[in-house]
There are 2 protein chains.
Amino acid sequence: MVRKAGREFTIRDVARSAEVAVGTVSRVLNDHPSVTRDVRERVQRAITSLGYERNAVAQSMRSARTHMIACAIRDFDIPGYVSYVKEAERIFRAADYTFLLASTANDKAVELSLLRKFAQRRVDGVMMTISDESDPELIAAVEQAKMPLVLIDREMIQSVDRVAADHRSGARQATDYLLSLGHRRIALFVGDPHAHPSRSRIEGYGDAFRAAGLEPDPAMIRDHSLSNEFTFRETSALMQRPDPPTAIFVAGIDMLAGAMRALKAAGLAIGRDVSVVSGGDSDLAELSTPAITALQWDRAQMGRHAAQMLLDRVTGRTTEPPRCVRVPVSLVVRESCRPPQ
Amino acid sequence: MVRKAGREFTIRDVARSAEVAVGTVSRVLNDHPSVTRDVRERVQRAITSLGYERNAVAQSMRSARTHMIACAIRDFDIPGYVSYVKEAERIFRAADYTFLLASTANDKAVELSLLRKFAQRRVDGVMMTISDESDPELIAAVEQAKMPLVLIDREMIQSVDRVAADHRSGARQATDYLLSLGHRRIALFVGDPHAHPSRSRIEGYGDAFRAAGLEPDPAMIRDHSLSNEFTFRETSALMQRPDPPTAIFVAGIDMLAGAMRALKAAGLAIGRDVSVVSGGDSDLAELSTPAITALQWDRAQMGRHAAQMLLDRVTGRTTEPPRCVRVPVSLVVRESCRPPQ
DNA sequence: AAAATATTTGGAAACGGTTCATTGACCGGC
DNA sequence: GCCGGTCAATGAACCGTTTCCAAATATTTT
C-alpha cells in the first residue's frame, strides 16, 4: 500500500489492509476485550507494516478529552519554580498526560490570555500562579475556568485547589532568629504584595517583631518587584542610609543574587558587615562563603501535591470541595548571620 | 439559549443565534474579508453573548495543523537549559504557537517514547536534545520524524537543523588559560561523551595541550555523567591522589556545584589550593568568593535561533537544506585561578 | 436596461477517530 | 430441529471546525 501524497495513514487504511472494519481497528487500539486473537494479530501486523500512528487530535475530538495539562508560571528560569514544575511534569507524563508550559512574566494580561488559550485548546486541567490574588478579573477568570485548576503558591481564592508553602511561618522563623541575635534594623525584601507569598512574609516578619514586643519599621520593608535589578538597586540604596540595616532578609525566592551583587559592589562582607538570610535555598546560598542561612521547603513535594490534586479532579476521583495544601518551611542556619556590632 | 448539559457552545449555536450559516461564523472567526460589517457584528454579538470559545481541537482536526511546538530537554531544573527554553517559548507564544515541554532525564527510551507521543499529537515542530548522537535508533527516529525538528546543542546529525554552542573553542580557551598560568595536571569533567558538548570539550582540551607541545593525561579526564553526585564523587577521589590536579575544569553546564561541594568538604580553598574554571556561567560562579572564572555564551540567542529556525520550517518559509548554527563561547576571567604552587 | 462581473452567503463534505445499534456465527439445551 | 443467548465484527453516525461549490445579491460595464 502506498501513502497518498502528504497524507498519513489512518485507521481506515489499517482496516483495509487487515481486511476488517474500522471499528475493529479502534477496538484493537484501545485494548477492548471482544477481539479474537486472530483478528487482533492481523490488525497489529497491518499497523506495524504501515507504520500507522494514531492521531491524538481526532481522538480528542471525539472523546472530548485532550490528555493535556497546562501550566503557567511566572518565569522559566527561576530555579525555585522550575523544581515544582519538574516534578509535576514527571507525574503527568507517567499518567499519560502531556504537559504544556508557558511563562507569564507575572503579567495579568498574559495570564488572562493564556487561560483563554488553554480553554480553547480544551486542556484537561491547569496548574498556575497568578500575579494578583485580589484582582477581580483574575479571580473571575480562575473561578469560571471550565477545567479543573490548581493554584501554585497562592492561597486566597478559596473556590479552587491550592498548594502553597507556609511562608508566614518561614518569615517568622527567619526574623525570630535575626532578632535573637540582637538585630533590630532588619531589612525585608519581598515581591509584589498582591500575591500570597509576599503578603505572608510581611505578616510573619511582623509577627516576630510583635512577639518580641517590638514594632517593625516600615522604612525597612521593600515590597515591589521580584526582579534582581530591583533587589540590587534597593539593597544599594538601603545600605547607604545613615542608619543602614544590620541584617537583610531577602525573602523572595530568587532575590539573593541581586542582594549579593549589591553588597559586593559596596564592599560589604556578608556575616561581618551585614547579616543575610535568604528566603529560598539554592546552590548559591549553600556554597557561598560564608554559606547563607536560608529558608527551605520540599519543592518536589509541592509539585507532587499539585499534580496529584489536579489528576484527582481531572479523572473525577475527587469531587470534594477545593482545598489548600500547605507545605512546611524551615530555617537552615549557616554562617551568614552574626550579632550586630 | 441554554447550554445543553455538559456541552459547550459550538459554531452551530453561534450560527443559529446570529441567524447565519456556520460557514459565515467560521469566516468571521478567521477574519475572512468577504463578510459585511452588519453580519460580522451580528456574529460577534452572538459570540460574546453566548461566551463561545473556539475549539482548537476541531480546528486542528480539519486544518491538519496543531499550532503546537514540542520541546524535550534533559532536565527542567538545569538553569543553563532553561534559559534556551525560556526564550524559545517567548518567541513561539508571540507567533501564536503553544509550547509543550517534557524532560527526558537523558534517557534514550524516554526520548524515543516522547518522539512518538509528539508524532501522535501531530505537533507542528520539535525542539530537543538527545542523549547519544551516534545511536542508530535515535538517529533514525530523529531523521524519520514527520515534523520539522531542531536539535539543541547537538551537531552530528547533519540531516536536521541544529543550534550548538562552540564548546570546542570554549574548552580550548579555558585550557589555554590554565596552561598559561603554569598548570599541567588539569582535571577535566564532562558529561556523556556520546553527545556533542562533551566530545567537543575533550577535543578543545586536547587541542590546547597539543598546541603547547604537551600531551593530555587521560587519567585527568572524567567523562561519564552530568550529575552533581558524580562530580562530587570524582572530584573527591581525584583530590586524594598522590598527584592531585592543580586545576579543575568542570566543563559540564551544571557541574560546578558538585565540585565546589567536594572541595569544601575536603577543606580545599579555590584559588589558593586549586584553580577552578566552570564550563557554564551562573550566579553561583559570579558571586562565589573567590568568583569563579567561567565560560559563557548567549543562551537566549541560542533559544532564539532554535525557535526561529523551527518556525521557518513549520511555516514553510525555508526549504533550504538543514544547517547548524554555532554560537560563540568566551572565557570570563575572574578570581578562581592562580599559578600552581 | 440588460448583461457581465464581483461579492457575499448558504450548505454540505471532509478531517480521523470512537461508539453503538445491528447483523451474523456459533453453541448448548430442550 | 428450533430457540435463546453469547460473543465478534460491521458500518454508519457523530464530534466541531474549515473549505469549496453553488446560489443569491450587489455592482459595474456596455
Side-chain angles (χ1 to χ4, degrees), chain A residues 3-44 46-47 50-68 119-124 146, chain B residues 3-44 46-47 50-68 119-124 146:
Chain A
R3 195 183 310 176
K4 277 193 219 157
R7 251 189 77 258
E8 317 218 325
F9 287 125
T10 73
I11 206 177
R12 260 167 263 267
D13 298 315
V14 176
R16 200 170 327 127
S17 157
E19 300 183 296
V20 296
V22 289
T24 306
V25 178
S26 173
R27 268 173 302 146
V28 170
L29 286 172
N30 295 301
D31 282 324
H32 194 283
S34 76
V35 183
T36 51
R37 233 173 76 90
D38 172 51
V39 170
R40 181 181 305 277
E41 279 170 8
R42 224 163 64 229
V43 172
Q44 301 279 26
I47 287 175
L50 294 180
Y52 166 79
E53 286 284 3
R54 147 217 232 117
N55 184 329
V57 176
Q59 196 175 22
S60 298
M61 166 106 207
R62 179 65 226 234
S63 64
R65 302 223 137 258
T66 52
H67 263 244
M68 299 199 294
Q120 294 182 347
R121 290 226 171 262
R122 302 295 196 265
V123 301
D124 291 344
K146 303 228 175 60
Chain B
R3 195 184 312 179
K4 278 194 216 155
R7 251 189 78 259
E8 316 218 328
F9 287 124
T10 72
I11 207 176
R12 253 170 270 271
D13 299 314
V14 176
R16 202 171 323 128
S17 158
E19 300 183 296
V20 296
V22 289
T24 304
V25 178
S26 174
R27 272 185 297 254
V28 171
L29 286 171
N30 295 301
D31 282 324
H32 194 284
S34 78
V35 183
T36 51
R37 236 172 75 91
D38 172 52
V39 171
R40 181 181 306 275
E41 279 170 8
R42 221 160 69 228
V43 171
Q44 301 281 25
I47 288 175
L50 293 180
Y52 165 81
E53 284 285 2
R54 141 217 235 123
N55 185 328
V57 176
Q59 196 175 22
S60 299
M61 166 103 205
R62 176 65 227 231
S63 64
R65 302 223 138 256
T66 52
H67 264 241
M68 299 199 295
Q120 293 181 349
R121 290 225 171 262
R122 302 293 196 268
V123 299
D124 291 344
K146 302 224 175 63

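Note that this is a predicted model, so its numbers are computed, not measured. Just so it is clear: chains get the letters A, B, ... in the order the sequence lines come, proteins before strands, and each one is counted from 1.
- The side chain of Val35(A) approaches dA9(D) more closely than any other nucleotide in the set dA9(D), dG10(C), dG17(C).
- A donor-acceptor pair under 3.5 Å is absent between the side-chain atoms of Ser17(B) and the main chain of Ala46(B), judged by distance alone.
- Listed nucleotides dT18(C), dT17(D), dA9(D) differ in distance to Val39(A); the shortest reach to its side chain belongs to dA9(D).
- Rounded to whole Å, atom C1' of dG11(C) lies 10 Å from atom CZ of Arg12(B).
- Nucleotide dC14(D) holds its P atom 13 Å from the CE atom of Met61(A), rounded to whole Å.
- Using a cutoff of 4.0 Å between basic side-chain nitrogens and carboxylate oxygens, Lys146(B) and Glu53(A) are not scored as salt-bridged.
- Distance Gln59(A) CD to dC15(D) C1': 13 Å, rounded to the nearest Å.
- Here the P atom of nucleotide dT18(C) and the NE2 atom of His32(A) are 12 Å apart, to the nearest Å.
- dG16(C) atom P lies 10 Å from atom CZ of Arg62(B), rounded to whole Å.
- The distance between atom CG of Asn55(B) and atom P of dG17(C), rounded to the nearest whole Å, is 17 Å.
- Toward the 5′ end of DNA chain D lies the nearest nucleotide of Asp38(A), the other residue of the pair Arg54(B) and Asp38(A) mapping further downstream.
- Among the heavy atoms of the strands lying under 4.0 Å from Val20(A) are primed sugar atoms or P, OP1, OP2 only; no base atom is included.
- The Thr36(A) side chain lies nearest to dA9(D) when the options are dT9(C), dT18(D), dA9(D).
- In Glu19(B), the CD atom is not crowded: 12 or fewer heavy atoms of neighbouring residues, nucleotides or ligands sit closer than 6.0 Å.
- Between Thr24(B) and dT9(C), a side-chain N or O to OP1/OP2 separation shorter than 4.0 Å is absent.
- Atom NE2 of His67(A) sits about 8.0 Å away from atom CZ of Arg121(B), to the nearest 0.5 Å.
- In the set dA9(D), dT19(C), dT18(D), dA9(D) carries the atom at the smallest distance from any side-chain atom of Arg27(A).
- Between Ser26(A) and dG17(C), a side-chain N or O to OP1/OP2 separation shorter than 4.0 Å is absent.
- Residue contacts for Ser34(B): at a heavy-atom cut-off of 4.0 Å it reaches a base atom on one of the strands shown.
- Gln44(A) CD: more than 12 foreign heavy atoms inside a 6.0 Å radius.
- When the nearest nucleotides of DNA chain C are assigned to Arg42(B) and Asn30(A) by heavy-atom distance, the more 5′-ward of the two goes with Arg42(B).
- Summarising the geometry, the separation between CG on Leu29(B) and P on dT9(C) is reported as 15 Å, rounded to the nearest angstrom.
- Note on Val57(B): nothing from the nucleic acid sits closer than 4.0 angstrom, heavy atoms only.
- Atom C1' of nucleotide dA8(D) and atom CZ of Arg37(A) are separated by 16 Å, given to the nearest angstrom.
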